[in-house]
Amino acid sequence: MRQSQLFTKTLKEAPKDEKSINAKFLRRAGFIYKEMAGTYTYLPLGLRVLRKIENIIREEMENISGQELLMTVFQPRKIWEETDRWSKEIGKVMYKTREDNSEIGLGPTHEEMITDIIRNYIKSYKDLPIAIFQIQTKFRKEPRARSGLLRGREFDMKDLYSFHDSEEDFKKYYEQVKKSYLKILKRCGLSGIITEASGAGFIKGFTHEFQVLSEGGEDTIIYCPKRDFAQNREIAKLRGGRKCPICGRILKEEKSIEVGNIFPLGTKYSKAMNAYFIDRSGLRKLMIMGCYGLGPSRTMGAIIEVHHDEKGIIWPKEVAPFQIHLIQIENTQKLKKTAAKFYQDLQKQGIEVLYDDRDRTPGEKFADADLIGIPIRIVVSERTLAKNSAEIKKRSEKKVELIKLSQVGKYVK
RNA sequence: CGGAGAGUGGUGUAACGGUAGCACGAGUCCUUUGGGAGGAUUUAGUCCGGGUUCAAAUCCCGGCUCUCCGACCA
């Protein structure tokens, strides 16, 4: 993409109504536009990042047999009354509206919806297990939306639901999801910590949160550096400085961002909604369920909280809006022509390039490049072209190298 | 929902109760080009509603919004 055609502009200063690091940088760099607290529009740059995160998640969900669908945002009151959640639990944070005589809510989560769908299709043990997911905008009346993308009232969420014929089969899948989530986070440049959290009232054991260490987070976790023990502060009996009950190392206590949460649901929903299947011996049984949430938009915020410096964002490779930021210094006709051709060559090689072809001073282009945070910056100028080369610099490093134009494509791959 | 702070062009800021100004941005033109360049010209603002006053961005009341702390967060 040619930067001269990007309709968004960068800001020299952060808007004063944002304090969180992710919101300051995302707004300065033109990734998001604020509508209300906790409600942001994804501008072209921001949407590219969000889509990349979603696609990583989509790939990994498919790797664990997830089938994608897209449920409705509108949810009828009737279905929520089957589980008695319309006015209780999460129903309290649901945005609700009335149309003639029917009341609907905007989906804050979809256990009821998916259970309703599944009970209409799945009747036999032969159809189990099954895992279904969607990536969709969720709506929740957060009493206090805050921290940019970290806690919104309207936010992107991947929700996966699994249905099993036995507890054993469920547990096996639950462990698979844990691994899958860690892999997703790793691909997003994050190190996830599986953290035990409360059973949310109806679950006897723990649920599990995927926490990313960050000062910008609103949770606090107690964890072992070896990662064999971690608990959310709300339930932890131990504090930082004590010994890990598993390996004896000294536990740490730090702030963190919860990017995902997985729940063994047991038969809570299948029982309330009559989701039965016929087992091998012909008996009618309740399906065992699990649900697994992961927030792409919150993950995007977390990535910035973790990967930035004083100048701007430093995107990890796989989630960056573009792979290369090509900058042309000196806006002479000759240089423009050469740079444009180089830009097209790179695109032909399937490389995503943001090409700064604007008639701006070098300093402004460099500052914008640092702010936007594309992992690789390539500079072409009369100076470098004289050697048939370009300057290459990683956003995360200081070092600048000369590289032959013909080698750039290879370097990126 | 409790507590604290704050609302002035797109962004950041200034103005004792008395002419709403500055910088950046954006638009047009010219010059310039290795870390946010210069000139000319244009654009655009006091959150909303009441009140006090000859006069309100400024004082008072009500509302709305934003930020932060807490509560909440299947």
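Just so we're on the same page: letters track the sequence lines, and every chain starts at 1.
- Relative to the side chain of A:Ser147, the nucleotides B:rC68, B:rA74, B:rU67 differ in distance, and B:rC68 lies closest.
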For nucleotides 21-34 of chain B, read 5' to 3', which letter fits each nucleotide if B means a protein heavy atom sits under 4.0 Å from the base, S means only the sugar-phosphate is that close, and - means neither? ---S-S------BB
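- Between A:Arg144 and the phosphate of B:rC69, there is a side-chain N or O to OP1/OP2 separation shorter than 4.0 Å.
- Classification of the A:His208-A:Phe206 ring pair by plane angle, with boundaries at 30° and 60°, yields perpendicular.
- In summary, A:Arg58 and A:Glu68 engage in a salt bridge, as defined by a charged side-chain N under 4.0 Å from a carboxylate O.
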Listing, residues 320-327 of chain A side-chain donor-acceptor contacts under 3.5 Å, not counting sequence neighbours, or none:
unit_1   : atom_1 : unit_2   : atom_2 : d
A:Gln323 : OE1    : A:Glu352 : N      : 2.8
A:His325 : NE2    : A:Gln3   : OE1    : 2.8

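- When the C1' atom of B:rC72 is taken as reference, atom CD of A:Glu234 falls 10 Å away, rounded to whole Å.
- Taking a 4.0 Å limit (strictly below) on heavy-atom distances, residues 14-23 of chain A reaches RNA chain B at A:Ala14, A:Pro15, A:Lys16, A:Asp17, A:Lys19.
- For A:Lys393 and B:rG35, the shortest distance from a side-chain N or O to OP1 or OP2 is not below 4.0 Å.
- Distance A:Asp219 CG to B:rA71 C1': 14 Å, rounded to the nearest Å.
- Within the nucleic acid shown, A:Lys92 has no heavy atom closer than 4.0 Å to any nucleic acid atom.
- In this structure, A:Tyr223 has no ring pair (Phe, Tyr, Trp, His ring centres under 6.0 Å) partners at least two apart in sequence or on a different chain.
- The aromatic rings of A:Tyr95 and A:Phe139 lie perpendicular to each other, with more than 60° between the two planes, well past the 30° mark.
- A heavy atom lying under 4.0 Å from RNA chain B marks the following residues of residues 157-179 of chain A, by number: A:Met157.
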Donor-acceptor pairs under 3.5 Å, side chain of residues 401-413 of chain A to any protein atom, not counting sequence neighbours: which ones?
unit_1   : atom_1 : unit_2   : atom_2 : d
A:Lys404 : NZ     : A:Lys387 : O      : 3.2
A:Lys413 : NZ     : A:Gln349 : O      : 2.7

